[in-house]
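Working notes, beginning with the structure itself.
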Amino acid sequence: MNGLSVSELCCLFCCPPCPGRIAAKLAFLPPDPTYSLVPEPEPGPGGAGAAPSGPLRTSAATPGRWKIHLTERADFQYGQRELDTIEVFVTKSARANRIACMYVRCVPGARYGISPDSIILYGQSIGTVPTVDLASRYECAAVVLHSPLTSGMRVAFPDTKKTYCFDAFPNIEKVSKITSPVLIIHGTEDEVIDFSHGLALYERCPKAVEPLWVEGAGHNDIELYSQYLERLRRFISQELPSQRA
């Protein structure tokens, strides 16, 4: 099959409700968030202030500093010590979409202004889309693609053989442009993004190192396998330094 059949195209774009079907198949709708961002309190005349509660919001009075609020449903309930290491801010994309970002200081005194050759880009699942896009345009220390997809249409319709202009997630077309070392990780029993996606990206990527195919792992449990951390440690501590030498 060289492309989508007429019936599949009709199913994708013409069957009501159209927005719901397209979103479900191509947008990979995330679950409801278990956190929200609230502005840092504005100091009042007496030096005190109150932060409004609720979801992400901006206003003319907001100084641009935010804090993260975790709901009771959040899997990770960080203590104040961990929260103090997280700096939250909001940026805008080229299309003026607001994006919430977190900077986590892993060590005391961590600094900004890190050079690209000290940065490892890590993307998981749909997160591999912006990771591949960024890595295809800028060189960095390394790239890790965890349970990646080749393209959105190939996930929705596994028999798709080419990339369409309306596919917003064309990893397969961009991965060959990455000039940094790439480690691809995929579970052989992935029920969301088939294992074949990882294989296809590995074959297309000229800078790919030895991949990690986790036998029996699905889409959301690779971290539970011991070889996951072992492979990351070897990649970062042994393979990358040897390539720079």
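- Note: T85 OG1 to M102 CE = 9.5 Å, rounded to the nearest 0.5 Å.
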For residues 205-213, which side-chain donor-acceptor pairs fall under 3.5 Å, sequence neighbours excluded?
none

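- Side-chain contact check for P181 versus Q243: some heavy-atom pair is nearer than 4.5 Å.
- For the pair R73 (side chain) and P33 (backbone), a donor-acceptor distance under 3.5 Å is present.
- Follow the hydrophobic side-chain contacts under 4.5 Å out from Y225 and you reach Y122 in the same cluster.
- Residue Q227 comes nearest to V214 through the heavy atom pair NE2-CG1, 3.9 Å, listed as atom of the first residue, atom of the second, then distance.
- Rounded to the nearest 0.5 Å, atoms CG (L145) and OG (S125) are 11.5 Å apart.
- Using a distance-only test at 3.5 Å, with no hydrogens or angles considered, a donor-acceptor pair links the side chain of H197 to the main chain of T150.
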TODO: Go through the steps to decide whether E239 and R231 satisfy the test side chain to side chain contact (heavy atoms under 4.5 Å, CB included), and finish with yes or no.
DONE: CA-CA 10 Å; E239 297 176 4; R231 183 67 187 93; 3.1 Å; yes
Open item on the list: Using the rule given for side chain to side chain contact (heavy atoms under 4.5 Å, CB included), can you reason through F235 versus L240, listing the C-alpha separation, both sets of side-chain angles and the distance that settles it, and then say yes or no?
Closed with: CA-CA 6 Å; F235 180 54; L240 291 185; 3.8 Å; yes
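- Using modelled atom types, no side-chain atom of S180 and backbone atom of A141 make a donor-acceptor pair closer than 3.5 Å.
- Of all heavy-atom pairs spanning F89 and W66, the tightest one is CA-CD1, 4.0 Å.
- The structure places OG1 of T128 at 4.5 Å from CG of N171, a figure rounded to the nearest 0.5 Å.
- Put simply, the side chain of E230 reaches to within 4.5 Å of the side chain of S226, judged on heavy atoms.
- With hydrogens and angles disregarded, a donor-acceptor distance shorter than 3.5 Å links the side chain of E82 to the backbone of G79.
- F166 and M153 make their closest contact through CE1-SD, 3.7 Å (heavy atoms, listed as atom of the first residue, atom of the second, distance).
- For Y35, the OH atom counts as loosely surrounded, since its 6.0 Å shell holds 12 or fewer non-hydrogen atoms of other residues, nucleotides or ligands.
- Cluster membership for V132 and F169, using ILVMFWY side-chain heavy atoms within less than 4.5 angstrom, is not shared.
- The side chain to side chain contact (heavy atoms under 4.5 Å, CB included) test with P148 singles out one residue from V182, I184, I193, and that residue is I184.
- When all heavy atoms of V192 and V155 are compared, the closest pair comes out as O-CG1, 4.1 Å.
- Panel note: side chain T34, backbone T71; no donor-acceptor pair is recorded below 3.5 Å.
- To the nearest 0.5 Å, the span separating NZ on K92 from CD1 on I99 amounts to 11.5 Å.
- One finds the NE2 atom of H219 at 14.5 Å from the CZ atom of F195 (value rounded to the nearest 0.5 Å).
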Task: side chain to side chain contact (heavy atoms under 4.5 Å, CB included) between K174 and D133, worked out - done: CA-CA 7 Å; K174 297 181 180 181; D133 179 70; 2.7 Å; yes
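- Cluster annotation: L199 is connected to I178 through the hydrophobic network of ILVMFWY side chains, with a link wherever side-chain heavy atoms come within less than 4.5 Å.
- Criterion: ILVMFWY side-chain heavy atoms under 4.5 Å apart, direct or through other members. Under it, V90 and L70 are part of a common hydrophobic cluster.
- V88 and V104 fall within a single hydrophobic cluster, where Ile, Leu, Val, Met, Phe, Trp and Tyr side chains are chained together by heavy-atom contacts under 4.5 Å.
- A donor-acceptor contact shorter than 3.5 Å is absent between the side chain of D167 and the backbone of Y164.
- Closest of all the heavy-atom pairs between T163 and R154 is OG1-NH1, 2.9 Å.
- There is no side-chain donor-acceptor pair under 3.5 Å between S36 and H69.
- Sorted by first then second residue, the salt bridge (Lys or Arg N to Asp or Glu O under 4.0 Å) pairs that include residues 175-202, not counting sequence neighbours, number zero.
- Atom CD1 of I172 sits about 8.0 Å away from atom OG of S151, to the nearest 0.5 Å.
- For A135 against V143, the heavy-atom pair with the smallest separation is CB-CG2, 3.6 Å.
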Open item on the list: Evaluate I222 against S147 for side chain to side chain contact (heavy atoms under 4.5 Å, CB included), listing each step before the verdict.
Closed with: CA-CA 9 Å; I222 287 179; S147 304; 3.5 Å; yes
